[in-house]
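Just below is one structure, and these are the notes that go with it.
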Amino acid sequence: MKHCLPQYISTFCFFVIVSGVLPGAGVRAQGNGPGVRGARAAALGNASVALAGEVWSMGNNVAGISEIQRPSVGFYAENRYFSSALNVGALTVALPLGRTTAPDAGGVMQGTEGAAPSLSPAPAPTWARNGVVAFEAQRFGGVLYNETRVGVGYAYRFGQISLGARADMLQISIEGLGSRRMVLGTLGGQIEIVPRRLSFGASLYNLNQAKLASYQDERVPTILKAGLAYRPGSQVLLLVETEKDVERAANFKVGLEYRPVPVLAARLGLASLTEQASAGIGVLAGAFQIDYAAAFQQALGFSQHLSVSKSWGK
């Protein structure tokens, strides 16, 4: 224990700093919050609450999985500030139930299904008749401190409105102090204000305000997100979003995605509270969607994000 003490202290202090507990740090890692899913969202400053039709919506706004048209699986890896104690890994599977028609998504990058109409004919969007169910397993942290999350979600779309809900079992473990498990509930909603051009999304994480510890009535953060996605053309997507932890200042985020060709995307993002800038690319390689993002925070340095997803079937 004597030889491990400095390691405990340094790890704990670093986690406290990146979690934004110290005044003025302004930087959060996972910190029991919902975090980021997918390198696309990371490149867009995590302004992702209004995105739909991709497997990463399971973590960003569960209502967005309602537009998934084929069984999909995705893997996401994140490293913050070159520290193994802040690694994140997530595996997500989404299964449409009772799909009505077979969409023609060949040659179209995942996430462009809702793009603004172009001059060429585009198939009408369809969605699963009985909704979409998704499963997620996620782990954050290292040996001394880690969070493990297992979640199940369901979303249904009717008309221009999508609603979704998910339940998580979150386990927090601190070496030497043991583990604690709790159940969290999350709700999400999206609406197409102008079909295929302007969408609004909102999500409430930890609506049941799960208790983390009895000491000082410590609870898992309750976080509300709301944002817009605007598509002025088939190649451009603009995102604005605000995120509010009930105990912190609001975080304002913006993102820009440009698709010069359907199989390639370039992205930029900014987040105010974390004082972080991000950029990334996305490539459609056959049946695989591959995204990469890098983010820079002035005090702590670079973070890297990589995600790979695949859809199959007709």
Side-chain angles (χ1 to χ4, degrees), residues 12 14-38 41-42 44-51 56-64 78 80-81 86 88 90 136 138 140-141 145-147 149 151 153 164-168 170-172 180 182-189 200-228 239-255 269-278 295 297-300 303:
F12 177 75
F14 184 65
F15 179 76
V16 166
I17 291 171
V18 299
S19 296
V21 174
L22 291 179
V27 182
R28 295 194 60 189
Q30 200 68 20
N32 314 315
V36 182
R37 301 294 193 286
L44 296 168
N46 198 23
S48 53
V49 74
L51 295 179
W56 309 117
S57 295
M58 174 61 177
N60 298 322
N61 183 353
V62 65
E78 170 188 341
R80 292 201 171 207
Y81 320 123
L86 300 176
V88 178
E136 180 187 74
Q138 181 206 33
F140 161 73
Y145 177 92
N146 61 76
E147 300 174 7
R149 183 192 309 269
R166 66 175 283 172
D168 291 289
L170 175 65
Q171 174 179 288
I172 298 177
R180 180 175 176 81
M182 61 218 77
V183 177
L184 314 178
T186 299
L187 294 177
F200 171 80
S203 176
L204 177 60
Y205 170 80
N206 186 30
L207 60 93
N208 56 314
Q209 296 187 307
K211 181 177 289 187
L212 192 59
S214 298
Y215 178 71
Q216 293 188 339
D217 195 30
E218 186 176 0
R219 296 179 182 273
V220 175
T222 297
I223 298 173
L224 174 64
K225 298 191 295 183
L228 293 169
L239 299 157
V240 294
E241 181 177 319
T242 182
E243 176 180 319
K244 183 69 175 71
D245 182 331
V246 294
E247 297 182 353
R248 297 178 186 276
N251 186 17
F252 296 96
K253 301 173 281 186
V254 295
L270 290 172
S272 64
L273 185 63
T274 56
E275 300 174 354
Q276 184 166 279
S278 55
Q297 206 284 329
Q298 187 172 8
L300 297 171
S303 301

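When a residue number appears, it is its place in the shown sequence, counting from 1.
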Query raised in the report: Could you go step by step and tell me if V88 and V36 meet the side-chain contact (heavy atoms from CB on, under 4.5 Å) rule?
Result: CA-CA 9 Å; V88 178; V36 182; over 6 Å; no
Requested in this report: Go through the steps to decide whether Y205 and V220 satisfy the test side-chain contact (heavy atoms from CB on, under 4.5 Å), and finish with yes or no.
Outcome: CA-CA 10 Å; Y205 170 80; V220 175; 4.0 Å; yes
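Exactly one residue among E136, M58, E78 makes a side-chain contact (heavy atoms from CB on, under 4.5 Å) with R37. That residue is E136.
Residue A41 comes nearest to N60 through the heavy atom pair CB-ND2, 3.8 Å, listed as atom of the first residue, atom of the second, then distance. Here the closest heavy-atom approach between residue S278 and residue G45 is recorded as OG-N, 3.3 Å. The two residues G188 and V62 come nearest to each other via the heavy atoms N-CG1, 4.0 Å. Of all heavy-atom pairs between A50 and G227, the closest is CB-O, 3.9 Å.
Atom CD1 of I172 is separated from atom CZ of R149 by 8.5 Å, given to the nearest 0.5 angstrom. Between atom CG of residue L212 and atom CG of residue L170 there is a gap of 8.0 Å, rounded to the nearest 0.5 Å. In this structure, NZ on K211 lies 11.5 Å from CE on M182, to the nearest 0.5 angstrom. For the atom pair CD of Q298 and CD of Q276, the computed distance is 12.0 Å after rounding to the nearest 0.5 Å. Taken from CG in N61 to CG in L204, the straight-line distance is 11.0 Å, to the nearest 0.5 Å. To the nearest 0.5 Å, atoms CG (L184) and CG (N208) are separated by 6.0 Å.
Remark: K253 pairs with E241, E243 by the salt bridge (charged side-chain N to carboxylate O under 4.0 Å, His left out) rule, at least two apart or across chains.
Between L239 and S48 there is no side-chain heavy-atom pair separated by less than 4.5 Å. Side-chain contact between L187 and L207 is present, with heavy atoms from C-beta onward closer than 4.5 Å. Proximity of N251 to N46: side-chain heavy atoms (C-beta onward) are nowhere separated by under 4.5 Å. The closest side-chain heavy-atom distance from P34 to T186 is not below 4.5 Å.
Not one N or O on the side chain of T242 forms a donor-acceptor pair closer than 3.5 Å with the backbone of F252.
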